[in-house]
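Since the structure comes first, as structure tokens, the remarks are kept for the end.
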Amino acid sequence: MSATSSGGGRGAPGGRASSAPLLGRDSEPTLFELSHPGRSAYSFRTTGVPPVPLDELVPETHRRSEAVRIPELSERDLTGHFTRLSHRQFSVDLGAYPLGSCTMKYNPKVCDAIAALPGLAGAHPAAPASLVQGWLALLIQLEEALCIITGMAGATLQPAAGAAGELTGLLLMRAWHESRGQTRGTVIIPDSAHGTNPASVTLGGYRVVTVPSDERGCVDLAALRAVLDEDVAGIMLTNPNTLGLFEEDIEAIAGAVHEVGGLLYYDGANLNAILGVVRPGDMGFDIVHMNLHKTFATPHGGGGPGAGPVAVAEHLVPFLPGPRATRSRTDTDGPDLVWQTPERSIGRVHSWHGNALVLARALGYILVNGGDGLHRVAETAVLNANWLRHRLREHYEVPFDRPCMHEVVVSARRLRQEHGVRALDVAKRLLEEGFHAPTVYFPLIVDEALMIEPTETESPETLEALADALNRIAEEAASATSEPLGHYPLSTPVRRVDEARAARTLIPTADARR
Amino acid sequence: MSATSSGGGRGAPGGRASSAPLLGRDSEPTLFELSHPGRSAYSFRTTGVPPVPLDELVPETHRRSEAVRIPELSERDLTGHFTRLSHRQFSVDLGAYPLGSCTMKYNPKVCDAIAALPGLAGAHPAAPASLVQGWLALLIQLEEALCIITGMAGATLQPAAGAAGELTGLLLMRAWHESRGQTRGTVIIPDSAHGTNPASVTLGGYRVVTVPSDERGCVDLAALRAVLDEDVAGIMLTNPNTLGLFEEDIEAIAGAVHEVGGLLYYDGANLNAILGVVRPGDMGFDIVHMNLHKTFATPHGGGGPGAGPVAVAEHLVPFLPGPRATRSRTDTDGPDLVWQTPERSIGRVHSWHGNALVLARALGYILVNGGDGLHRVAETAVLNANWLRHRLREHYEVPFDRPCMHEVVVSARRLRQEHGVRALDVAKRLLEEGFHAPTVYFPLIVDEALMIEPTETESPETLEALADALNRIAEEAASATSEPLGHYPLSTPVRRVDEARAARTLIPTADARR
Amino acid sequence: MGTYLPHTEEDVASMLSFLGLPSTEALFSAVPESLRLQHGLELDDGVTEPDVLAHFEDLAAANRARSDQMICFAGGGVYDHEVPPVTRALAGRSEFVTSYTPYQPEVAQGVLQALFEYQTLIARLSGLPVANASLYDGGSATVEAVNLGVGASGRSLVWVSQGVHPNWRSMLATYGHGTGHQIRTVPLTDGVTRWPDVDGDGPPGVVVLAYPNYLGCIDDVAAARRLCDETGATLVVAADPVAAGLMRPAGSWGADVVVGEGQVFGMPLAFGGPALGLFTCTEEHLRRLPGRLVGETVDVDGKRAYVTTLRAREQDIRREKATSNVCTNQTLMAVTAAVQLAWLGTQGLAEMGHRCASATHYARAALFSDGRLEPFVSAPVLREFAVRLPVPSDVVVERMANEGFLAGIPLGGDFEGGERGLLVAVTERRTRDEIDAFVAALTKAAR
Amino acid sequence: MGTYLPHTEEDVASMLSFLGLPSTEALFSAVPESLRLQHGLELDDGVTEPDVLAHFEDLAAANRARSDQMICFAGGGVYDHEVPPVTRALAGRSEFVTSYTPYQPEVAQGVLQALFEYQTLIARLSGLPVANASLYDGGSATVEAVNLGVGASGRSLVWVSQGVHPNWRSMLATYGHGTGHQIRTVPLTDGVTRWPDVDGDGPPGVVVLAYPNYLGCIDDVAAARRLCDETGATLVVAADPVAAGLMRPAGSWGADVVVGEGQVFGMPLAFGGPALGLFTCTEEHLRRLPGRLVGETVDVDGKRAYVTTLRAREQDIRREKATSNVCTNQTLMAVTAAVQLAWLGTQGLAEMGHRCASATHYARAALFSDGRLEPFVSAPVLREFAVRLPVPSDVVVERMANEGFLAGIPLGGDFEGGERGLLVAVTERRTRDEIDAFVAALTKAAR
Ligand SMILES: Cc1ncc(COP(=O)(O)O)c(C=O)c1O
Ligand SMILES: Cc1ncc(COP(=O)(O)O)c(C=O)c1O
């Protein structure tokens, strides 16, 4: 670089597709490296508002002494940077993403169009109900649909994700017990539960009691009975559970928990398996959260936004968070649809009305599919998972090899024991094949777990290719002549990443680089 | 593949990012390979219109015996396919695209928003003027701006690209001569002209007379004078010419051509160099086409759509194609803006009003930049090209090494002679560096030409990286230890493509595969 | 403003100093002083993006005939068909939008493969083996087809059915002026072309027919083919690609070239552009094919690859001997059409045609049942039809606009009695309620 | 309809036969017969995409308070700022939208690097060294900050300024019920927090202040810091990130945690969600940081790479001992904010704040000049302010809606006299004409 000769070479080049795996495999510079003082992309309306000197606007003690350093780029370099970053990112739109427990199904583009409607995206959340009747109607329609799907009586749409739904549910549990003059101390969760469950229990002010799974992969009913007492506020379950197995004893479990005055919480992360087949309400659950970003095809956004509405049985409706969109019951000349906070509400759980545009997307998906379509979604998701289970059986252990629901957990234990190849190696090797990896090492109760959730939107051909790839990898693991699996992936934008070093020499921002 | 076991394996897998260079470098299957009978993505409005049996709608002799075979895909696989294809495609948004003569500048996203406005994109072209006054106003505003920029009196916006503009211009030339009772037979073009010029001349019904360039890379004035006579209808020039050099003798050329009664046609492909600096009208041109997709930042769309308006001097206005949007001169109570076809119009050159949404984009770009901004565009484009010329001089021959305008043509002749490395090899090697290649082997009058047009939207840092890469390649070409350049590119989605075979064993459709 | 320039003043200064130049002015030393603009362009200074966007929103608001606010019964080659979000999203990906002609196939397989798929689809639709990678619009495709036909037959007399779109015929006339073709319009008789006998001008070199034609009528391709067999003319058929989902492909009737307007496959009305010129022909005419052609081949590793081929036909190589001058084309629209056709699939394409035809049938039955209005011609139609009105059609269109309908396209002087003729198109997007309301309003407006 | 399923009936049949199952019903053999739904869901059958889109267009049309049709003077954490097409285009790229949490860093460098950049930007804005990769919204960020503070101080008494957004305070109360924190609201006195003396409940473990606060006033961070120094409490500041472009960073005042609502950086009003919870803290609190954190590292080839780090804090590893339960978050909004901030740049961010403040100044001057209306409190404000009206503010809001304005947010019962208080925000998007018209209309409506 002859930076001095040009005077321009202070930063990194922005116009070079240096990070596009399409062309070369260099890293993409950061925004900060691309920044060049004096460049800009922004532009504001011409308003005619006279500018007032800053010192008349901000009292001196509160005034900034120097501007926040934000990268300075032309729109061209801004666009280049983020377009290139997007080429370093796998996504559902690029290929199958069989990440267990996450339901990475295809997200229909019509829902993008819905979320972009100016009449929805441009509404202010603090506007009085009379001015946003469309939004209230939408929320009510979604709430009703979710209640029908789960067999519940009412719902809050505020929680912004599944975990927020869990905590909301636990607060509802607490409020209900308190309303009955009871203070209970524990919540039971199975050892196969997702990490958010115990974390939420703690935040809900409860102590976690873990029940083990039995040899069939389900809650050990005897062990459950042993821990049930009057201190138990409730139990959190997902059904099918995180092994992809239906808890067949659910009626007995519900009976036992209810008998000691506990409530049943349904973690809806796996709802995709049972849409239109069986409803949490009918199984005896009192509280249900849903992950709309999973079951109802709203995209995961690289890690969010999601939406985690909580539906409850009749006796819990008075405790729901508020405000809640409701049909007006008065004959006044106010608007038809109003905000109402339930009488004994636990209060707000979101700054406004939840991730509203995500809610709109989910309703769109529900309406396109309809009751009949949602049922077929579940059937097909379960069919796909079972088909994979059959195809993978030969090369992988299937710890609980009986009909699974929407996902299947296999184990690479044999591969590790016999060839030193871990679940992680299988996952990284699969990346090389053009698929995203399954979830690994979860649920914790399965050794070298590979949790595979194909979802219903992947075709039989794709399943075939996925099964072939996984089986081929198992064969490679056993073969002396193949590249060791630990070397993979080879052609991804970066190869295996040093996670230990990241934690050791923590660099959480570009300014922390030493 | 155990296709038989699943019954699903009839086609290619669609959910595998098999073509994403992000993950593996397999080919992407075609739509036809991904097709699976019975799948579908389409959905129509529910209209309530009773379906009529086909045999009542289409007379038997005209009825299809079998349906057109169109691929059948789920929306998921459709999305996967085209998203993966997009990852196999270089673009301005990914990196610098210094393709000479093509002005691959950055295309502002605000223009995408303009083109998507329902009030513009949803207007029917056959609606009476009274119902599309906004469109007429837009077209008039653009026409006026283009006239100001080129120094002309009126324009047609119909031509859909530069070449269409050229032919329109030649038909105007013909109409003008005919109106004066003259039938002329030839049109002069320089030997450096773009291929569309001679092709258009022929379609305009003229014979091409080629004038050579002189040792300075400009029209050889003496040679021009030698071919000028009363049979010459006109001359087509681009200024700066395709060598990126300004035709300094333009006044003399104009004088000489006008003297024999010929007209001057300006090929506006290189207009980016002179915006706000000098106008074709002031140079003496009578007819000018513009490539809005070049100068005015409307994207090239993988090869189109473009827009090639033609502006003309006063005496040619009556011959312009029609209808043309015009301010009403009547006092009737009709609409303010009306369609008008000039009295001696050559007629229509487009099915409707040209590539209207491209026209809207261009107007957006012009308004954001304004007169001052457009001038800076030209200055900066020229600055960038000259800076590159200086930086490349050491390693590449610059056949006409004097101040260039918006692009610079260098030659790999020395590399070929000394190391057997051709311009094409340099281009292919550059792809590996994350840049698009320059235009090669054009203009025809430069041996082993590399025609480099950085455009004004590339930053000094990007130029620096580009110059470094090109210079490094020249060094590599001379080095015995480097990988031979003929082997490149190595890591693109496909490597060097067998073009000869494509022509020899022609496979123009998937059905032609043998 | 120059918002899109990355260069700061210091950048410019340091680059100039590297060049040894005193100012940016000096960059233009080759431009004669006398020619240079002294006071810049007489355009307003730049304004901000939000201001410009607001300006266009105002312009957009001034268009009443927009499909989201006025129910569209106008067609004439440009139709209000379903454009799903998925087509917009995929064809709108910036890799497709901001690339150029695939001159470097190694980094352009995305566009090339999409074009190859497009060619295959359009060829299947037309029933001919070869399709190019797009032309500007239906009209220019017809012009190119006539040029091809004249070249192939060696005769420049062109017989064009009056059923070909009037604007396309107007283009044939315009361009015929350059190429020196004689364009002769052969009138429709009650909606169908009656070819005349060969007269003193000799036999035609090209015959052009529309199928269905501008009045929506199913014209007689067999008769045109017979005429071509007798005269040795090249047969060009301008086929409606939506109708092609239901009708015998024009290729199977013996067309040499089939052209059409591809806007129907995923493009908005767009005030008529960008649209998409469809062009297909027999193998015999391959070397005269205008525009780009993508072919399949392999790379040095033997991997499947696509590339533009038979390039020697094109202007950049063949120059004045090229059969066409097209360079920049409508690639993005071809990609759009490929996406949209794959969205439709075999069944969706057939259903779309069927729905249009059923809706047309329904509208005609309702309009003509009580005898107050009557068809303009009596030949069978498919998805578009002309109405004979008791009052001038442009008056009716204005009246109907006030009722919320873009009622159709006045036939105009090109057709006998056309001042009172209105061309009406009913697509699969029109609901029964909309059609009922349209019929009621038209019946009233036509009084 | 089930439009999104690829499986044909034959696919299903052949897969079932591979599984040896007689029907899809049989897939659910584990579900007790007695529990199964007998007649399917009581939902309508599926309808087509265009029908559903039309339904949502109807719903959208029923919202009057939409920023494209009603001029927005409402704020309260969610503001009508400029969102340029480029931000929407880039953050909307489907690779960002349709991926999930970057569990496999090798194929997630796009999201990871964008988050790393986001963290850097938010840290700079707050003046603290560490930012997480997003939380749900401003309210949940405040809740998490309080949880962190209680953990750090070991005391569960939380003093919260009344100047903190009422909805966020309401969330603190809700969640405090679970964690057992005592949330005590400390009232504003003429717009500024007056901290009381420590009483019998002992010193607070956490002190929460808003800067500027809900009434737009510039509250006294120094006083809050002193209180924390005296009591050992953790200082949480809820800072307006737009004001932060002009004001001393909360970190430099000694905040331990700075939170905020990031909607202002590129997100639409969105009826309040998805928004973006900003969270930054000192290094001291790193191990208690809620949510995801991206760190820089290298791959096996030594190439720079990014990865989520300090994962041991998180729920999936630490389970019931995790400091937070967050999993799915607001990544796409963090990416959006990174794009938008880079679009703004150093100068744009400062200018945006300055423009908001100038416009606010202008609106206040006009509103209060003739004395008919008066400010709700007299403390200095920056870009939002409260008006004291002679009539109930909810009535005024309804009246103003008829004039085309969303006039602001009624303060309501949470503030003394708040029934007649209206919170007004004036962003950089408001023109002088709009403000003038607003002032005239409000003066009239408030009669
Ligand atoms: C079984 C299970 N429960 C709960 C959650 C938490 O949901 P969220 O990520 O939406 O907070 C998840 C998410 O991954 C999950 O898989
Ligand atoms: C110098 C020159 N003239 C004319 C043209 C033709 O313009 P278009 O491609 O828009 O038809 C080009 C386009 O590449 C060109 O570079």
Side-chain angles (χ1 to χ4, degrees), chain A residues 42 47-49 52 57 70 72 82 85-86 88-93 110 117-119 121-127 131 134 160-161 163 195 198-200 204-205 208 246 300-306 347-348 351-352 355-356 367 370-371 373 376 379 382 459 492 494-495 497 502 507 509-510, chain D residues 2 6 24 30 41 43 45-46 49 52 59-60 62-68 74 90 93-95 98-101 105-107 109-111 120 136-137 139 170 174 178 268 271-274 295-297 299 305 309 315-316 319-320 322 325 328-332 345 348 357-358 409 431-432:
Chain A
Y42 75 94
T47 61
V49 172
V52 179
L57 294 170
I70 307 287
E72 296 174 75
F82 283 101
L85 284 187
S86 77
R88 295 166 77 78
Q89 181 62 47
F90 193 83
S91 64
V92 171
D93 278 11
V110 71
L117 288 171
H124 196 285
L131 302 183
S200 299
V208 169
F246 194 85
H300 288 62
R348 258 186 192 288
S351 297
W352 300 101
N355 279 339
L367 294 179
R376 277 188 59 207
E379 284 180 346
V382 172
S459 69
T492 45
V494 297
R495 293 184 51 219
V497 165
I507 307 179
T509 70
Chain D
T24 47
L41 294 169
L43 289 176
D45 279 356
E49 283 195 356
V52 169
L59 290 173
N63 291 326
R64 291 174 59 206
R66 44 192 283 187
S67 56
D68 61 336
L90 297 178
R93 286 189 60 84
S94 69
E95 295 88 343
T98 75
S99 54
Y100 194 32
T101 306
E106 295 82 4
V107 294
Q109 289 296 300
V111 161
T120 305
Y136 305 134
D137 57 11
S170 159
T174 304
F271 207 48
E296 186 184 308
T297 182
D299 75 354
T309 192
Q315 44 72 27
D316 52 336
R319 300 181 73 85
E320 62 263 34
N325 67 339
T328 295
N329 244 290
Q330 307 283 115
T331 303
L332 189 62
S358 291
I409 308 180
T431 64
R432 184 178 183 149

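FYI, side chains are in, hydrogens and waters are out, and symmetry mates aren't considered; it's all heavy atoms of this structure. Chain letters run A, B, ... following the sequence lines, proteins first, then strands; residues in each count from 1.
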Where do [X] and [Y] come nearest, in terms of heavy atoms and distance?
X: Glu320(D); Y: Val208(A); result: CB-CG2, 3.6 Å
X: Gln89(A); Y: Glu95(D); result: CG-O, 3.4 Å
X: Val497(A); Y: Thr297(D); result: CG1-CG2, 3.5 Å
X: Pro305(A); Y: Leu332(D); result: CD-CB, 3.8 Å
X: Ala356(A); Y: Phe271(D); result: CB-CB, 3.8 Å
X: Arg93(D); Y: Ser86(A); result: NE-OG, 2.7 Å

Select, from [options], the one with the greatest count of heavy-atom pairs under 4.5 Å involving chain D.
options: Ala123(A), Ala161(A), Gly204(A); result: Ala123(A)
options: Gly122(A), Ala121(A), Gly119(A), Gly302(A); result: Gly302(A)
options: Ala126(A), Gly306(A), Pro125(A), Pro118(A); result: Pro125(A)
options: Gly195(A), Gly205(A), Gly303(A); result: Gly303(A)
options: Ala160(A), Gly347(A), Ser351(A), Gly371(A); result: Ser351(A)
options: Ser200(A), Ala510(A), Ala127(A); result: Ala510(A)

Handout entry: Side-chain heavy-atom pair Arg432(D), Thr47(A) within 4.5 angstrom cut-off
Key =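 A side-chain contact is absent here, since even the closest heavy-atom pair is not under 4.5 Å.
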Practice task
Mark yes or no for whether Thr174(D), through its side chain, and Arg348(A), through its backbone, hold a donor-acceptor pair below 3.5 Å.
Solution key: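 Such a contact is found between Thr174(D) side chain and Arg348(A) backbone.
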Exercise for the section: Taking Asn63(D) for its side chain and Gly134(A) for its backbone only, find out whether a donor-acceptor pair lies under 3.5 Å. Expected result: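 Judged by distance alone, yes, a pair lies under 3.5 Å.
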Less than 4.5 Å to any heavy atom of chain A: does that hold for the side chain of [X], its backbone, both, or neither?
X: Ala322(D); result: side chain
X: Thr120(D); result: both
X: Val52(D); result: side chain

Handout entry: Evaluation steps, side chain to side chain donor-acceptor pair (under 3.5 Å), between Thr24(D) and Glu379(A)
Key = CA-CA 6 Å; Thr24(D) 47; Glu379(A) 284 180 346; 3.3 Å; yes
Practice task
Taking side-chain contact (heavy atoms from CB on, under 4.5 Å) as the test, write out the residues that go with Thr101(D), two or more places apart.
Solution key: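 Testing Thr101(D) for side-chain contact (heavy atoms from CB on, under 4.5 Å), a comparison that skips the adjacent residues, returns Tyr103(D), Arg292(D).
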What residue, out of [options], has the most heavy-atom pairs lying under 4.5 Å from chain A?
options: Pro105(D), Gly178(D), Ser99(D); value: Ser99(D)
options: Glu296(D), Arg64(D), Glu49(D); value: Glu296(D)
options: Pro274(D), Gly139(D), Ser170(D); value: Pro274(D)
options: Ser358(D), Ala62(D), Ala357(D); value: Ser358(D)
options: Ala305(D), Ser94(D), Pro268(D), Ala30(D); value: Ala30(D)
options: Asp68(D), Thr431(D), Leu41(D), Thr98(D); value: Thr98(D)

Exercise for the section: Give, as side chain, backbone, both or neither, the part of Leu117(A) having an atom under 4.5 angstrom from any heavy atom of chain D. Expected result: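 The side chain, not the backbone.
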Problem - Straight-line distance of Thr309(D) OG1 to Ile507(A) CD1, nearest 0.5 Å - result: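 Answer rounded to 0.5 Å: 10.0 Å.
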